[in-house]
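Note sheet for the following structure.
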Amino acid sequence: MAKKKTYEQYLREELASLVEQLNLPNLYKQSLKQRWIDQVVWADKKADQCRRMHYRLRLTTIISGVVLPALVGINMQLSKDNEYFRDWFPYVPFFVSQVIAVSAALDEFHRYGDRWRDYRKMAEDLKAEGWQYVQLSGSYDNLVDHIDGYATFASRVESIIKNDVQNYIATLQQQQAKENEQIKQILKTANTVATDKTLFDRPEPVRPPQQQQQQQQLWGNPAPAFPAPGAAGILQVRQNTEFKLSPQHSSLLPDNYKIFVGGGNSFGLMSYAQAENNHLQVAIDRGLGPENRNVWFVSAPDVAIVGNTGSSAANLMGTPAAPAPMMAATAAAPSQMMATSAAPAPMMGATAPAPSPMMSAPPPAPTAPLAPPAPAASNGASNGAIQLPVPFFSQRDNLQEADRTCNTSSCAMVAKFLGANISGDDDYFQYVIKYGDTTDHTAQTQALAELKIQSTWNTALDFDDLDKSLASGLPAVIGILHRGPQSGPTGGGHMIVAIGRNADGDYIINDPYGNLLDQYTTKEGGGLIYSRQELSRRWTVEGPKTGWGRLFYGNNPPGTSAQNAPAQTANAQTAPAQTAQTLFASGTATAASPTASAQYMTGEQLIQIAGSNAPSDRLRQLASSVNDVLNHYQINTPLRICHFIAQVAHESDCFNAMEEYASGEDYEGRDDLGNTQPGDGVRFKGRGLMQLTGRANYADFSKAMNQDFIAQPQLVGQIPFAIWVAGWYWDTRHLNEYADRDDLEGVTLRVNGGYNGLEDRRDYLQKAKSVLRA
């Protein structure tokens, strides 16, 4: 009996049959089979393998997560009723919990879900390109035969493969830092286990001496064993209750916002604080729920706190200054290691019908916003136009909790603008979850503080506060009602970033979920115009001074010196110098250069590095903008500066060319550069000190700078944008880390795509090190 063909064999034969029918030389056909068909089949096979592994591990995690609470309940009952089961049955839920942890960790470590989608996309892209080529349709519809289109087809196949490889490498780099931290934690835990000689002893249950009799009354005899106290003692659950993500009554919360905890359970308490509605916010020593969370809200009457000495600490509940800061370091498994099995919360905000438009755990007591300085004279009147170059991050592509991370993505945009050392909102998310839920405003404040970004959460703002913040060069994060029409906006809160305003008094917004005005059909939310009327209905819902939002006074906006930063005290009078972002306001580049936030280099030093062939007047003119860029993108160590200047000097022909010498006609029709319209090749030729090329790259730079370079591409070849595009390119390729290792080859490869001019770059690097004494 003949063996049934596999799908892989079937696909390979079918595609080979199509190739054989094409009017091509045998060499071309052989190349198509060896490259195109092989890659299609390989990507298709890998996608199927990753899909199966992802589903298996996810199903294991979900089923085990459902079974585990039942096993814990059974264990508690059997431990009371049957001495035989008491000895061995506790190992069953322990084993199931390890299965959950291991399956979730394997899925995250191998990234089966992400890799499945990547491989599937690659396979389908290759199939689609092949189908168009075979049918002479799409990009090939103007060709007479397949021979004419062979070179284009081969080039596009290689581009698809190259892009997949580049995306894979970029993802690996993003995961490396997180995995290193996880490995450190695993090694620390393993070392603790290896050195704990009492781990497998079976001592009698330990109970705080002064509480023993009381616990027998609460739980019956015998009382459950207590865990080791945490930094703040032990949390005892007096009666059946629910741990929640918001201090609301359980009936008001969806199922994925709460978890049942039986009376009699105890946890090591790392820290706690008072919350609204007679709740406590607690950080416990082990994770609960499908996301393995350590921070919860719990009704205060349902729990008791026992101090480290064994005495009752209930009196501490009335003194919020006593507990350790929320989310002190815990020994529990990190939450990112656990895959969530619960359905995601609805779009962009909390699901609880809270009385306010915002969607998270309660904010701290409203803090009066710090008084801003008087706006710089160059900003004009309070109704003048301004647009700050705040980067845009979409929450929709977030690796975790994409439908709930509007607050995180919004704060990440401002943090990146203010110079935080983060790659994007996924990177910033890892800071937030150390302090609490992504919708918790307190957690956002603490995460920003760790990144040295000052901010205050406020619940009594209006448009005057917003205008003053923008005029001082600082964006603001505000919360709006994002559902329903303007005439009657409805529940659900959503965080957005106000990055400027136009001359008509309407506001320029970075909306992480897309475009509110078309009910979020459009996913691109950078640089949108939301009218003052729209925001007044959705932000200041109950009238003046009712808007919720986060202000960032006390930080140094890009392009201002520290002494001219917006004041941190209410009586500060110092006005900031003109900020870098005014260069990008109203589509003009005529504003004077901003004062640099630090003097990293002088024009004379640039001239010394560049040599006698460099245009000295241009370098002196560039110096101020160079310092702004070095500060903004944290190219702020001697090695980073030397490598950056060396690459810029080579790429710009010793600063002589801020625009490509060639006409750009060779780029015409290059889909890989986004040149889809007639004339795009010349229009979007290489410009800037690291030459930006192609419509797609100009569009990306436009989003990053909130400046329309599609309409005015020539601006990229002018000061200050010529140096800003070099800094932006450097930052998006994460080149600081290669410069930190003094890795010239690594930097060159990512700037050039190869090693062209390596010796020239090396010469500039040595000159820079000599001049800057690096």
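Keep in mind the model is a prediction, meaning the values are calculated, not measured.
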> If you look only at pairs with a residue in residues 452-462, which of them pass as a salt bridge (charged side-chain N to carboxylate O under 4.0 Å, His left out), with sequence neighbours excluded?
Replying inline: D462-K545
What I want to find out is whether [X] reaches [Y] closely enough, with some N-O distance under 4.0 Å, to be called a salt bridge.
| X | Y | answer |
| --- | --- | --- |
| K416 | D731 | yes |
| K468 | D464 | no |
| K685 | E659 | yes |
| D680 | R683 | yes |

> Should the pair W457 and H441 be assigned to parallel (<30°), tilted (30 to 60°) or perpendicular (>60°) ring geometry?
Replying inline: parallel
Who pairs with [X] by side chain to side chain donor-acceptor pair (under 3.5 Å), at least two apart in sequence or on another chain?
| X | answer |
| --- | --- |
| R115 | none |
| W728 | none |
| E450 | K434, Y435 |
| N510 | none |

>> If the condition is ring-ring contact (aromatic ring centres under 6.0 Å, His included), which residues does Y698 pass it with, not counting sequence neighbours?
In response: F684
> With respect to D511, which candidate in L516, T522, L517 satisfies the side-chain contact (heavy atoms from CB on, under 4.5 Å) definition?
Replying inline: L516
> So which of Y530, F463, W539 actually passes ring-ring contact (aromatic ring centres under 6.0 Å, His included) with Y507?
Replying inline: F463
> Are F393 and Y428 close enough that their ring centers fall under 6.0 Å?
Replying inline: no
